[in-house]
Every structure is written in structure tokens, then in C-alpha cells.
Amino acid sequence: MQDIYDFRSIEADVQNNWTANEAFTVTEDPDRPKFYCLCMFPYPSGNLHMGHVRNYTIGDVVSRFKRMQGFNVLQPMGWDAFGLPAENAAIKNQTAPAKWTYQNIEEMREQLQRLGIAYDWSRELATCKPDYYRWEQWFFTKLIERGLAYKKMAMVNWDPVEQTVLANEQVDANGCGWRSGAKVERREIPQWFLKITQYADELLEETDKLDEWPEAVRTMQRNWIGRSVGVEFDFVLAGRGGVELDVTKDGKADAIRVYTTRPDTVAGVTYMAVAAEHPIARAAATTNSEVADFIAECASTGTSEAAMEALEKRGVPLGLEAINPVSGERVPVYVANFVLMTYGTGAVMSVPGHDQRDWEFAKKFGLPIKQVIQSSKDPVDVEESAFVDKQNTVTINSGEFDGLDFAAAYEATAKHLETSANGERKVNYRLRDWGVSRQRYWGCPIPVIYDKEGNVHTVPEEDLPVVLPEDVAFSGVKSPIAEDPDFINTTVPGTNEPGTRETDTFDTFFESSWYYARFCSPGANAMLDERANYWLPVDQYIGGVEHAVLHLLYARFFHKLMRDVGLVTSDEPFTRLLTQGMVVAESFYRNDGDGGKPVYYNRDELEISYDDKGRIASAILISDGQAVTVGRIEKMSKSKNNGVDPLKMIERYGADTMRLFSMSDTPPNQSLEWKEGGVEGMHRFLKRLWREALKLDDSYANAVLDTGSLSADQKAIRRKTHETIGKVSDDIERRFTFNTAIASMMELFNELSRFKDESESGKAVVHEAWSALVRLLSPFTPHITHELWQRMGYTTELIDEAWPEQDKDALTRDEIELVVQVNGKRRSSVTVAASTSKEDCEAAATADANVQRHLEGLTVRKVIVVPGRLVNIVAN
RNA sequence: GCCGGGGUGGUGAAAUUGGUAGACACGCCGGAUUCAAAAUCCGGUUCUGGAAACAGAGUGCGAGUUCAAGUCUCGCUCCCGGCACCA
């Protein structure tokens, strides 16, 4: 029998054993509590990276832990397989996106399997396969029937590099595409939308109930939905200046409709502003060239750039006046670049006294600033800045509405507007409907056929799926299906009329919005079947925080859609959410690229030296012997070339070491700093574990434990064992602090290594400790523990063992150490029997020599005894 | 600007309910083993003074509450993440 820790053969053998036994294949079992643990599935790039290792290890630890606790655990894995990288690779490598994707899936599955994650591979799915996407095509037709999917011309974010439409969420704060980084343009094209706004209220309300989600994610979702409560009402136009108007929503040509959350400030309106796209601005432009020029200018800058020019507020008067429905005053109407056509009515009332934007605009154009709200504490001057408080205020200069606080003024004015200004109370959302059309090839075809009049016909169920041709030549300029007559030309359903297929495909978030449910119904001849309601909702979902709004909001929306179509019975898809942090590492570069741009070097190409504090002192490129600059510690990425290949590391140290390292250093929601020294430390620990464990012979397993006759040291080992069981269980289950769980197991191991006692009772407590330790460690390092379990003489499979139970009796102490403080400073400690009374603790503490020394010349005023912890003597 | 999360040794971090600040690791220093190295083992490691016992200081900064504050309160500061003309 070999004594060295041969992780390569151990891991291969153990994995083969699991595969042969289909150890992680599960079916529904109504007699056992279920636990569905899911990690966000990967895009099959072909390369496993450290972020995957971290993500999937967390899920595996939770899954294996739950399994040992007796739960029927489902942990599946699949592939988020549609998307742009396949198209980019196709252009680069002259291969079809499908071929490239399927190859990557094969490779990545193999890489993933080397980590030894307890997946039920029989449920594996790939979103690019017709047997998956046919059901979302079917679902889409149901949504059209229910009016939840619709088509409209829409201004979209057009990425000029990727030649596609981006969702608002895919455009960053600078107006650039999230992947290409190119400046996004505006275009108007017909698009399919899902009515997520119809679910805005429910999504928002239930955000409050997701109490096992990180607060940060819930806040982001609330902000994203952006609910606001206000009043919509009309400002009647006074003079039209000869402008022919066809304006507001309800066809009224004589008023401008606005939305406000501050009806209490209407009396303070001194002007109005409309968006450049507003019909009244367009109408005015026909007779006013200054207005026309301004509108043209706004259109060319685009939404995103307009956002960038936030600091520069500009506008042009339309030559119109409207009547303030509260004060009766006439106010001028402007077209302004800061008003959004897509929110509210596209027109705003401006209250420069009580809104900072309006204030800035008024100052710039010399418009009057009228104060209608005053602080009930210290009077404020609205010439200095806008006064926006709502608390401790009183209305002034508002005629019949004077002297009211916010709530009363809101109510009174809203009522007035309802009766006199065609007003209605209204809730508005920042959230917009979800545009799901993409002008892309490698995605799920939208199952729609147009007749020659352009009418929409959904593809009937029996004709689904609309299969995406996979064997295509791909140039990258136009989607292959958009120029493929075999794909496009068809007949209109139910007729012999010629028809044409929709050539747009779905946003890939469509696929990832329901995959978690499909895992529950593999092979079902329906989108989902009754098995889904056994497993759903997902009990534990784990993934990157970058999906806090996009994917997680869409999936919640989809779940509610599926519920309303009758496919699932639950309201929310993910009960508990863990968002894991990034894996970060140093980057190294030289500014010798084109135009002095940095060129990044991987640490594999470098010789790195450290100072005596262990910090990086310098790095030298091996190939030319010259120094490179040590950059920031940042997320491992291709662009910074600071990634570390997990497979190389698994080859060098083993999967157990990589799993243990990824969990040991940092709590899962924080950034994990890559340090090979840390990996070596974990490897060292496993080698020591192996060596120490092999010292246990049969006499340990056979030793009889008599808890009634243990020595103090033996009791101490038992106490440590059972404390560790409690600590590790709590850290995994409740706290998610896997790093401290590992630390406590190391503490137990260190104590065991020092404990030398060959007596019967000594061997018995050691055996008990090892038996617990191996099981506690098994979710983290399942291979080595499997092997050790066998070598300890057990004939059972470790994965089928029960999680260790804490024996509360083992936790009791005969003696305790009390810290003694004098005036709050630690001066000594005394050991007393656990049963010692407060008075005796106090006496023992006071009697201590060092304590006496510090009490010299002082009078004791008070003694605080915290049982089991400390004694604080207050003296002066 | 608004919202959220943070700031603790040379480093990653721990301290869960206000009760011994720095667990567990990494790194470093010293020693053992070795012809030598790797590997392994033992000891030390918050800072200052001291051979040590011990003493003083110490959780971003400044106040406060308390017998006792990394933890609670108030003010400030810096960092990270998200959102940002949303009327």
C-alpha cells in the first residue's frame, strides 16, 4: 500500500466509482425533503476558469452537505449555448457556430468533471438544441395569445460593431455596448417585446419577501423597477402662436399633459419643458427653425450621449404659453434636452424652487423661481438652490393650499387636479418592456410567420420547433438565416398562402430565464411537467453578482409567466441566493503596445521576485529578461491576461486542493485573491491529513468509547470534535462562511496531531474525531475523504453517510478560564470550576497576584462577573 | 448626486448576542533533518521597550454612551460596487 498522497489516481478512481454507480442521479421522492441546489450555468467558451471553480465548488459543498443531512438533492448542470462569441469564433476560425459550440461543450464537460462536482449529468441540457428551445418557442406563442408579447416600432440601442440591438441593461453608463465597448447609436426598427411592466408591481412587492437574498441585489432590483407614485394632469395652452397642434395622448390639441410626483408644488411652476421627440415640439418645429435645429441636434446625440451631457442643460422656447391649473398664471413652454420622451408623458412641469434640474435650467435662461414650500424650521432661500425637502415643510404662496404639510398639500392639490385639470393618480416605472428581438443568427428563431400584408401568424404547436439551420457558412455581416430562402419562405399557417419567417432570434436571456425549471423535467414532451413542482423553487441559487438585475429579474418574470400559464405553482424561482465574488489576481504590463497602450503578460511568462514581507518586488519577462510593471489586483480576465488555468492547477495539486483553496481564503461573497502560496498551503494540509490518517490502524476503529471515564485531555478532544461539528454545520448552513468552517476543521486536525494517547479511551476519542472530521471535510474535498473513509475500515460509501451529529454533553466543561480585568484592562486569568458561584469567581479573581498588584492603593468600587467569561474589577 | 457594502498585523482574513482583538492560513525569521537541495518537522512572528516576567500603544479619523466598544450613537474621511436628467 502506497503511503504518499497520490491525488491523481485517487481522484480518477473515486470519480470513476461515482460515475459507475450513477451516484448523483436523482428522481422525485415524495417521502424525503427535497433540496434543489443550482449554480448559474456557464457559457461554453471552451475554457474553464477560476470563477467557475469557485462558483461550482460552493454549490457542490452545499449540495453534498444537504445530501448527508438526508435531503433528496438535485444538482444539475447545462450550457447557456447561444450567443455572440460563437459567431465571433465562426468568423475567426471559419467554422459554423454550432460546430464550435458543441466542441466546446464536450471539452468543458470533461474539464468540469475533473473537479468532481456531484452533478446529475442525466439532466444535462444545452439551450441551442431544438429539444430545449422548441418549448420557449411554444411559450412565446402562448404569450402572444395572451397579449404579453407584442411587436412595435421602437427606438433601440444599436451596437454598430456587433450589428445588433442591445437591451438597456446591456448599455453601460457611458453609452457603450457591454461587450463591444462601442458607442451605441439609436435606430428605429420593429421589435418584439415582453410585457414585463405588467408584472412590475408584483416583482417589486415580492422583492420584499426575498429575505434570503442579499440586500444589495434586492436594492438593485427595486431601483431598476423604479416605482414612483404621482399625478398626471393637463396644462391648458393659452396662446398657440399659430402652431397647428396634434398633441397629447388622448388627442387633445389644447393642452400638455404632464406627470409629477410633487403635486404639492404645482403652484410653483414657472415654465414647462417637453422632450425633443414630443409631438408639440415637432409641431412647433414646422414653423420655427430654431426649434427644428435644436430637435435635430438632440436626435443626433442619441439617448446615451444625452445622458453623458447631463451637466449641460439646454433648451429653446416654443413660443407657447400654458396656464398653471393652481395659480392661474401663464407659463412659457420650452423644448429641452433633459426631458425623456420614454418616461411619463414626455413633458414636465418645471418647479425651479423645488427641483434642482429645473432650478439649473431656470438660472441659465433667467426664468422666475417661485418658492411655494418653506421649511418649518429655518427659512430657506430658493435663489441659492432648490429646496427639495418633504419633511417639516409648509406650503406658501399657494393660495387656497397655503399652510399645509407635504401629505396634506399632496392630497389637496391632487384632488383639485383631478376635478379641474383632467387629472388622475398614476404609478410610473423606470422599468421598460423587455425587447427580446436580436438581429443575430446564433440564437433561438422567433416562431412567427408573416403573410404578404405583414400580419403576424404564430407557428402552430405541431410545426414546432422552428429549427435553426446549423450547417451554415458564416460571414458575420448578415445572419445566414436572413439570406436563406429555404428558411425564410414558407406558407402561412392554416392556408396555402406564401409566407415569410421572422429572421430575428431571441435575446439569449430568454433561454437562461427558464433553464432552472427545465432541469426538473428532462425529456418531457412539454415545456415542463408535474415533476417541476416537486423540485421548484430552487432552494439555493449561486452565481455572480453581475446578474443582479439582468438575469435574476428576467427569471423572476418568467417564473410568474409560467405560473400564469399554469406550468408551475410557486411564485418565485429562487428561494435563497448567494452571489459569489470575483477571482482576482495581479496584472503585469508594459506600455509598449500601439500608441503606448499597455500589453499585458501572464504570470506564466514572468519571473517574479518578492521582498522580505512577501510582497511582489519585481517581475521580469523571461523571454527578454526585461522588467514589466506590476499592475493592479483585478478580476481575472482575458484582456488583462491575468488568468490562471484551473486545469494546470488541478494537474499540479489535484481537484481537492483547488476546491479547498477556493473556499478557504475568503467568504464567498468577497473577491478571492489568487495566491499560489495559499494553494500550496491547502495542498500541504491535505498531505498531512493523509499521513496522519494512515497512522490509524484497526485498533482505533475497534476501541470502545466510554464517555463516563475519560481523562481531562480525552474530554478536551471530544469537546473540540463536537464544537467543530457545530461550527462547521452552522458555517455551511446558515452563515455561508466556508473559510471559517475550514479553519475550524484545521484546528481540530492540529489538536488531533498533537494528541498522543494510545490507551483504549484515547484511541476511541481519536477515532470518533477522525470519523467526524472526514465527514465534515467531505463536501469540500470529496475524493481524499472518500479514500480515507475506506481506509479507516468503513465499508459504506461516504456520500451516503449521515452528517455528524453534535453531542451536546461533550461540550460541557469541568473548568473554565476567566479573564480578569482591572478597570477594563486584561490583567490576568484564573481557572475555576465551571460550577463556581459569582462570589467565588470574584474572590478568585481578586486573589490573583498580578491583579493585586494593580489594585494596590485603589479602592474597589464595583465588580462585574460575566459567567463563564470574565471578571472586571472597577477600582479607583 | 443618490443607494448599497466596506476600511482590523507584512498579506488573505477571524472575532456570530457589547465581554481575552488578530482564530486559521500565507509570507517572513530562527532551528532540526540533509553532502546539498527539495520535501518534512519544531519554535517565533501586531507595534514599542525588555533576556524574560511584564508594561505601554493599537481595529480609517474625531467625539460620545458603557464597568467594558472592532462591534452601539453622532460627525468626518477614504475605498469598492450599483444607479444616475425617471419629473
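Proteins get letters first, then strands, A, B, ... in listed order; numbering begins at 1 in each.
For B:A87, the base has a donor-acceptor partner in the side chain of A:Arg357 [N/O atoms by modelled type, under 3.5 angstrom]. Judged by distance alone with a 3.5 Å cut-off, no donor-acceptor contact links the side chain of A:Arg754 to the base of B:C42.
Judged by a 6.0 Å distance limit and a 45° cone about the ring axis, A:Lys313 is not positioned over the six-membered ring of A:Phe361. For the pair A:Arg576 and A:Trp213, the cation-pi test (distance below 6.0 Å, angle within 45°) is failed.
Atom CG in A:Leu204 sits roughly 15 Å away from atom C1' in B:C86 (whole-Å rounding). Between the P atom of B:C24 and the CZ atom of A:Phe749 lies a distance of 14 Å, rounded to the nearest Å. Taking atom CE of A:Met272 as the reference point, atom C1' of B:A87 lies 11 Å away to the nearest angstrom.
Proximity of A:Arg222 to the phosphate of B:G82: no side-chain N or O atom is located under 4.0 Å from OP1 or OP2. Look at A:Arg430 and you'll find a side-chain N or O under 4.0 angstrom from OP1 or OP2 of B:A84. In terms of phosphate contacts, A:Lys687 brings a side-chain nitrogen or oxygen within less than 4.0 Å of OP1 or OP2 of B:U40. Listed pair A:Thr345 / B:A87 fails the phosphate criterion, with no side-chain N or O lying under 4.0 Å from OP1 or OP2. Distances shown here put a side-chain N or O of A:Arg684 below 4.0 Å from the OP1 or OP2 atom of B:G27. Checking the phosphate oxygens (OP1, OP2) of B:C54, no side-chain nitrogen or oxygen of A:Arg827 falls inside 4.0 Å. Regarding contacts with the backbone of B:A57, a side-chain N or O of A:Lys825 is found under 4.0 angstrom from either OP1 or OP2.
Glycosidic conformation, B:G5: anti, with the torsion outside 90° of 0.
Salt-bridge annotation for A:Arg54 and A:Glu673: absent, with no side-chain N of the basic residue lying under 4.0 Å from a carboxylate O of the acidic one. Ion pair A:Arg719/A:Glu751 not flagged as a salt bridge, since none of the NZ, NE, NH1 or NH2 atoms sits closer than 4.0 Å to an Asp/Glu carboxylate oxygen. A salt bridge does not link A:Lys363 to A:Glu360: none of the charged side-chain nitrogens sits closer than 4.0 Å to a carboxylate oxygen.
With respect to A:Val269, the side chain to side chain contact (heavy atoms under 4.5 Å, CB included) criterion is satisfied by exactly one of A:Val326, A:Asp358, A:Asn324: A:Asn324.
Nearest heavy-atom pair, A:Glu634 versus A:Ser587, reported as atom, atom and distance to 0.1 Å: OE2-OG, 3.1 Å.
Nucleic acid contact class of A:Asn750 (heavy atoms, under 4.0 Å, all strands): sugar-phosphate only. Residue A:Gly226 is out of contact with every strand shown, counting any heavy-atom pair closer than 4.0 Å. Across all strands, A:Val339 comes closer than 4.0 Å to base atoms (heavy-atom distances). Within the nucleic acid shown, A:His854 comes within 4.0 Å of sugar-phosphate atoms alone, with no base atom in reach, counting heavy atoms only. Contacts of A:Lys635 with the nucleic acid, taken as non-hydrogen atoms under 4.0 Å apart, are absent. Residue contacts shown for A:Met682 are limited to sugar-phosphate atoms, with no base heavy atom under 4.0 Å away.
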- Task: Using the side chain to side chain contact (heavy atoms under 4.5 Å, CB included) rule, take A:Val339 and A:Arg357 through it: C-alpha gap first, then chi angles, then the decisive distance, then the call.
- Result: CA-CA 10 Å; A:Val339 183; A:Arg357 280 164 316 186; over 6 Å; no
- Message: One pair to check against ring-ring contact (aromatic ring centres under 6.0 Å, His included): A:Phe233 and A:Tyr259. What are the steps and the verdict?
- Response: CA-CA 7 Å; A:Phe233 64 98; A:Tyr259 173 74; 9.5 Å; no
- Under 4.0 Å protein heavy-atom contacts per nucleotide of nucleotides 5-20 of chain B, with B for base, S for backbone only and - for none: -----BBSSSSB--BB
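Nearer to the 5' terminus of RNA chain B, by closest-nucleotide assignment, is the contact made by A:Arg853 (compared with the other of A:Ser228 and A:Arg853). Ranked by how close their nearest RNA chain B nucleotide is to the 5' end, A:Thr219 and A:Tyr343 are led by A:Thr219.
Taking atom C1' in both B:G7 and B:G43, one finds a spacing of 33 Å when rounded to whole Å. Comparing the same atom, C1', in B:A87 and in B:G5 gives a spacing of 30 Å after rounding to whole Å. Comparing B:A69 with B:G50, their P atoms sit 30 Å apart, to the nearest whole Å.
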